[in-house]
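All remarks here apply to the structure that follows.
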Amino acid sequence: MPTERFQFEGEGGHQLAAALDLPDGEPSAYALFAHCFTCGKDVLAAKRIATALAAKGIAVLRFDFTGLGSSEGDFANATFTSNVADLVRAANHLRETRRAPALLIGHSLGGAAILAAASQIAEAKAVVTIAAPSDPAHVTGLFKEHIDDIGKHGRVEVSLAGRPFAITRQFLDDVAEHDLMARVTLLRKALLVLHSPTDDTVGIDNASRIFLAARHPKSFVSLADADHLLSRRGDAIYAADVIAAWAGRYLEAAPRPQAVDDAGPRPVVVTETGASMFQQDVAIGPHRMLADEPVAAGGRDSGLGPYEFLLAGLGACTAMTLRLYAERKKLPLRRVSVTLRHAKIHAADCADCETREGMLDRIDRTIALDGDLADAERARLLEIADKCPVHRTLTSEIDIRTALEPAAPAM
């Protein structure tokens, strides 16, 4: 997936470094990601979550707050209020250049900042916090032994995660002024709270306070055994999977551009996500799905397996064909349900097959017809099931031609 890097002007007039992770096709939605305190846009959790969401069709903008990473300015001059203002500016930049973010995601103190900024981003439909404190002042616990000196001297250099940062009295005064829970109560956007019960940096009680203060719709998911920074790749990918699945209920898909031949078949593009050995991103026009293998086969079971996609196609085609026939013949068919299973069998066990040796594929298809149908009508619908286009394709000679895409020229 491509990543665009650029700068935009922050609240203090400084240029802030940003990265926009994009899916291969048209994004289904845009998200804005706020990283943790003293981290940066390229911290592993932010980068992994953004990349995984892009693989699912959601473009993600992440950026370095003032004085961090590649952004201009002095970190000592930044406050919680200025970070919130920079998030709003980032959303404005997306609105002006692409599309306003419909999804807001914040990690640690970035989660608190996202909650504070959410009311100023009208287009945002869903908000996600990851290991977020319920009070921005919680962050002062990271340097509590220096608080008296900061109050006395106005500015003190402290060590955080092995790196020196200047913390000012202005920062302490600013975080103390925010009543974040009042903002959460008035959020009026769907909220997902992700938190590890074993987080020893921001305790799980913070998640409880945020969740209880919020109004519905709201959801809580435990990041069991994860650390505060989601330093294990699997934890970050799991968080992205949960976010994408949950947010899909609230995000509106982008309008699909009209193709020249909109009635023609659309190409199916399957691309490795890189999140695991087998996980694939399946793109068909504006639609995105995941393909994977079960855990027992070495996958993560994050999507349908290849044969399951095949069965789903046959089942959907069967039901559609029966519905079309019933409508044309005005049959009292209320609902169709198709159950399919795939297996390998010995050719000798198939009385109707031409192949007599070795193994062959068998698909068992069971059709349930709900409606006041006569026996003759049910029998006719069973015959019609075999006429669905996918059934005919699977039972006819198929010509599959494979070619390599030309390699990109060396630069």
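- For residues 110-129, there are no ring-ring contact (aromatic ring centres under 6.0 Å, His included) pairs, not counting sequence neighbours.
- Proximity of a side-chain donor or acceptor of Ser28 to a complementary backbone N or O of Gly57 within less than 3.5 Å is detected.
- Across Leu16 and Glu72, no two heavy atoms sit closer than the pair CD2-O, 4.5 Å.
- Counting only residues at least two apart or in different chains, ring-ring contact (aromatic ring centres under 6.0 Å, His included) contacts with residues 192-216 are absent.
- For the pair Ile243 and Leu192, the minimum side-chain heavy-atom distance is below 4.5 Å.
- Contact annotation: the side chain of Lys218 never approaches that of Val193 to less than 4.5 Å [non-hydrogen atoms, C-beta and beyond].
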Apply side-chain contact (heavy atoms from CB on, under 4.5 Å) to residues Lys56 and Leu290 and explain how you reach the verdict.
CA-CA 8 Å; Lys56 300 174 189 298; Leu290 286 179; 2.7 Å; yes

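- The CG atom of Leu68 sits 8.5 Å away from the SG atom of Cys39 when rounded to the nearest 0.5 Å.
- Contact of the Glu9 side chain with the His14 side chain is not registered, since no non-hydrogen atoms from C-beta on lie closer than 4.5 Å.
- In this structure, the side chains of Ile58 and Leu251 come closer than 4.5 Å at one or more pairs of heavy atoms.
- By the salt bridge (charged side-chain N to carboxylate O under 4.0 Å, His left out) test, Asp74 pairs with Arg155, sequence neighbours left out.
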Go through Met181 and Ile210 one step at a time and tell me if the side-chain contact (heavy atoms from CB on, under 4.5 Å) criterion holds.
CA-CA 7 Å; Met181 290 302 93; Ile210 293 172; 3.8 Å; yes

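- Judged purely by atom type and a 3.5 angstrom limit, Thr51 has no side-chain atom pairing as donor or acceptor with the backbone of Arg48.
- Counting all heavy atoms, side chain and backbone alike, Phe8 lies closest to Ala90 at CZ-CB, 3.6 Å.
- Contacts classified as side chain to side chain donor-acceptor pair (under 3.5 Å) and involving residues 301-310 (residues at least two apart or in different chains) are given here: Gln279-Ser302, Asp292-Ser302.
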Donor-acceptor contacts under 3.5 Å from residues 311-319 side chains, at least two apart:
from	atom 1	to	atom 2	distance (Å)
Thr318	OG1	Leu314	O	2.7
Thr318	OG1	Arg365	NH1	2.9

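- Judged by distance alone, with hydrogens and angles left aside, the side-chain atoms of Asp199 form no donor-acceptor pair with the main-chain N or O of Ile204 at under 3.5 Å.
- Listed by chain and number, the residues in a disulfide (SG to SG under 2.5 Å) with Cys388 amount to none (sequence neighbours excluded).
- One finds the OG1 atom of Thr366 at 8.0 Å from the CG atom of Leu340 (value rounded to the nearest 0.5 Å).
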Considering only distance and modelled atom types, tabulate donor-acceptor pairs under 3.5 Å from the side chains of residues 104-124, sequence neighbours left out.
from	atom 1	to	atom 2	distance (Å)
His107	NE2	His228	O	2.8
Ser108	OG	His228	NE2	2.8
Glu123	OE1	Arg95	NH2	2.9
Glu123	OE2	Arg95	NE	2.7

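- No more than 12 heavy atoms of other residues, nucleotides or ligands lie within 6.0 Å of NZ in Lys47, so this atom counts as exposed by the packing criterion.
- Between the side chain of Arg341 and the backbone N or O of Asp364, no donor-acceptor pair lies under 3.5 Å.
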Which atom pairs, one a donor and one an acceptor, fall under 3.5 Å between side chains of residues 325-334 and the rest of the protein, sequence neighbours left out?
from	atom 1	to	atom 2	distance (Å)
Tyr325	OH	Arg380	NE	3.4
Glu327	OE2	Arg323	NH1	3.0
Arg334	NH2	Asp370	OD1	3.2

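- Every residue meeting the salt bridge (charged side-chain N to carboxylate O under 4.0 Å, His left out) condition with Glu11, not counting sequence neighbours, appears here in chain and number order: Arg89.
- For the pair Leu22/Pro27, a side-chain contact is recorded, criterion being any heavy-atom separation below 4.5 Å from C-beta on.
- For Asp225, the salt bridge (charged side-chain N to carboxylate O under 4.0 Å, His left out) test picks out no residue, with sequence neighbours left out.
- When all heavy atoms of Ala50 and Asp21 are compared, the closest pair comes out as CB-OD2, 3.3 Å.
- The side chain to side chain contact (heavy atoms under 4.5 Å, CB included) check on Ala245 picks up nothing, with sequence neighbours excluded.
- Here the shortest heavy-atom pairing between Ala46 and Phe33 reads CB-CE2, 3.5 Å.
- Here the CG-CG distance, from Asp86 to Asn92, works out to 11.0 Å after rounding to the nearest 0.5 Å.
- In Arg378, the CZ atom is crowded: over 12 heavy atoms of neighbouring residues, nucleotides or ligands sit closer than 6.0 Å.
- Scanning all heavy atoms of the two residues, the minimum distance from Ala214 to Leu191 falls at CB-CD2, 3.5 Å.
- Formation of a donor-acceptor pair under 3.5 Å by the Asp386 side chain with backbone atoms of Glu383 is not found in this model.
- Atom CG in Leu20 sits 6.5 Å away from atom CG in Leu94 (nearest 0.5 Å).
- The backbone N or O of Ala17 sits less than 3.5 Å from a side-chain atom of Ser71, completing a donor-acceptor pair.
- Closest of all the heavy-atom pairs between Gly69 and Asp64 is CA-OD2, 3.5 Å.
- Annotation: salt bridge (charged side-chain N to carboxylate O under 4.0 Å, His left out) contacts of Arg209 (sequence neighbours excluded): Asp205.
- Using cut-offs of 30° and 60° on the angle between ring planes, the pair Phe65 and Phe63 is perpendicular.
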Go through the steps for Asp235 and Leu223 under the test side-chain contact (heavy atoms from CB on, under 4.5 Å), then give the verdict.
CA-CA 7 Å; Asp235 293 331; Leu223 299 175; over 6 Å; no

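- Side-chain contact between Ile49 and Val60: absent, with no pair of heavy atoms (C-beta onward) separated by less than 4.5 Å.
- Two residues are said to be in side-chain contact when any heavy atoms from C-beta on lie closer than 4.5 Å; Leu194 and Val128 meet this criterion.
- Between Leu61 and Arg98 there is no side-chain heavy-atom pair separated by less than 4.5 Å.
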